[in-house]
Peer 1: 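Handing you this structure, nothing more for now.
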Amino acid sequence: LNEIERILRATGFEIVRRRPMIVTMTAPFDLTSKWRFRLWEMLVDRLTRNEWTGGAIGAVLFLAEMVLTRILRESPSMEIMVCRKPG
């Protein structure tokens with residue numbers, strides 16, 4: 001994020017808004033703890049071994065996504081950023 005913000009400033013852009021796009025349904029690469037990431041990987045591996053379990057977990061996580069993307073300011077996995085170039 002720091003590198004992206006630096007590049008945007010260097011090219012004359014400003015960040016208008018940044019919000020979570022996905023919180024739970026993709027790898028949480030922005031975690032500060034390696035054990036949390038490994039825990040996530042282990043859970044995904046175990047819960048998605050068959051189509052039925054993966055579908056059920058996906059349905060539950062979708063509902064969580066709808067809530068979390070509205071209430072959180074940052075996401076450990078994916079965010080969307082709106083930028084503009086003044087002038």
Side-chain angles (χ1 to χ4, degrees):
L1 179 60
N2 290 334
E3 184 176 352
I4 291 169
E5 288 177 343
R6 182 187 58 75
I7 292 168
L8 287 169
R9 281 191 302 276
T11 55
F13 285 90
E14 64 179 282
I15 299 168
V16 176
R17 188 171 186 162
R18 196 180 102 220
R19 299 288 298 174
M21 188 169 142
I22 297 174
V23 178
T24 63
M25 295 183 76
T26 192
F29 291 109
D30 195 18
L31 291 177
T32 56
S33 169
K34 288 183 183 181
W35 72 267
R36 286 183 181 173
F37 184 79
R38 293 212 173 122
L39 175 63
W40 184 88
E41 284 184 314
M42 184 182 70
L43 287 171
V44 167
D45 179 57
R46 299 241 162 106
L47 295 173
T48 59
R49 286 186 180 177
N50 69 60
E51 190 174 326
W52 187 89
T53 307
I57 296 300
V60 171
L61 288 179
F62 176 75
L63 295 174
E65 288 292 328
M66 299 303 290
V67 173
L68 293 172
T69 56
R70 284 180 173 76
I71 63 172
L72 294 178
R73 294 266 187 221
E74 293 193 18
S75 169
S77 54
M78 190 180 295
E79 296 178 353
I80 187 164
M81 185 183 292
V82 177
C83 303
R84 71 175 169 203
K85 195 164 190 172

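Because the structure is predicted, anything quoted here is derived from the model rather than measured. Numbering of residues begins at 1 and proceeds along the displayed sequence.
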Peer 1: Please tell me if the side chains of Pro28 and Phe37 come closer than 4.5 Å, counting only heavy atoms from C-beta onward.
Peer 2: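 Yes. Closest side-chain heavy atoms under 4.5 Å.
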Peer 1: May I have all residue pairs that pass salt bridge (charged side-chain N to carboxylate O under 4.0 Å, His left out) and include part of residues 78-87, sequence neighbours excluded?
Peer 2: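 Pairs touching residues 78-87 that pass the test: Glu14-Arg84, Arg18-Glu79.
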Peer 1: Within this structure, what is the OG-CZ distance for the pair Ser75 and Arg19, rounded to the nearest 0.5 Å?
Peer 2: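 Answer for the OG-CZ pair, Ser75 versus Arg19, is 11.0 Å.
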Peer 1: If you look only at distance, which donor and acceptor atoms sit under 3.5 Å apart when one is on a side chain in residues 56-68 and the other is two or more places apart or in another chain?
Peer 2:
| from | atom 1 | to | atom 2 | distance (Å) |
| --- | --- | --- | --- | --- |
| Glu65 | OE1 | Val23 | N | 2.8 |
| Glu65 | OE2 | Val23 | N | 3.2 |
| Glu65 | OE2 | Thr24 | N | 2.3 |
| Glu65 | OE2 | Thr24 | OG1 | 2.6 |
| Glu65 | OE2 | Met25 | N | 3.0 |

Peer 1: If you link ILVMFWY side chains whenever their heavy atoms are less than 4.5 Å apart, which other residues fall into the same cluster as Leu8? By chain and number, please.
Peer 2: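 Members besides Leu8, by chain and number: Leu1, Ile4, Phe13, Ile15, Met81.
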Peer 1: Check salt bridge (Lys or Arg N to Asp or Glu O under 4.0 Å) between Arg49 and all other residues, then give those that pass, not counting sequence neighbours.
Peer 2: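 Partners of Arg49 under the salt bridge (Lys or Arg N to Asp or Glu O under 4.0 Å) test: Asp45.
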Peer 1: At their closest point, which heavy atom of Ala27 faces which heavy atom of Ser77, and how far apart are they?
Peer 2: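 Taking every non-hydrogen atom into account, O-CB, 3.2 Å.
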Peer 1: With clusters built from Ile, Leu, Val, Met, Phe, Trp and Tyr whose side-chain heavy atoms come within less than 4.5 Å, directly or transitively, what are the remaining members of the cluster of Val44, listed by chain and number?
Peer 2: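 Besides Val44, the hydrophobic cluster comprises Trp40, listed by chain and residue number.
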Peer 1: Checking Thr26 now: which residues fulfil side chain to side chain donor-acceptor pair (under 3.5 Å) with it, not counting sequence neighbours?
Peer 2: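 So Thr26 forms no side chain to side chain donor-acceptor pair (under 3.5 Å) with any residue.
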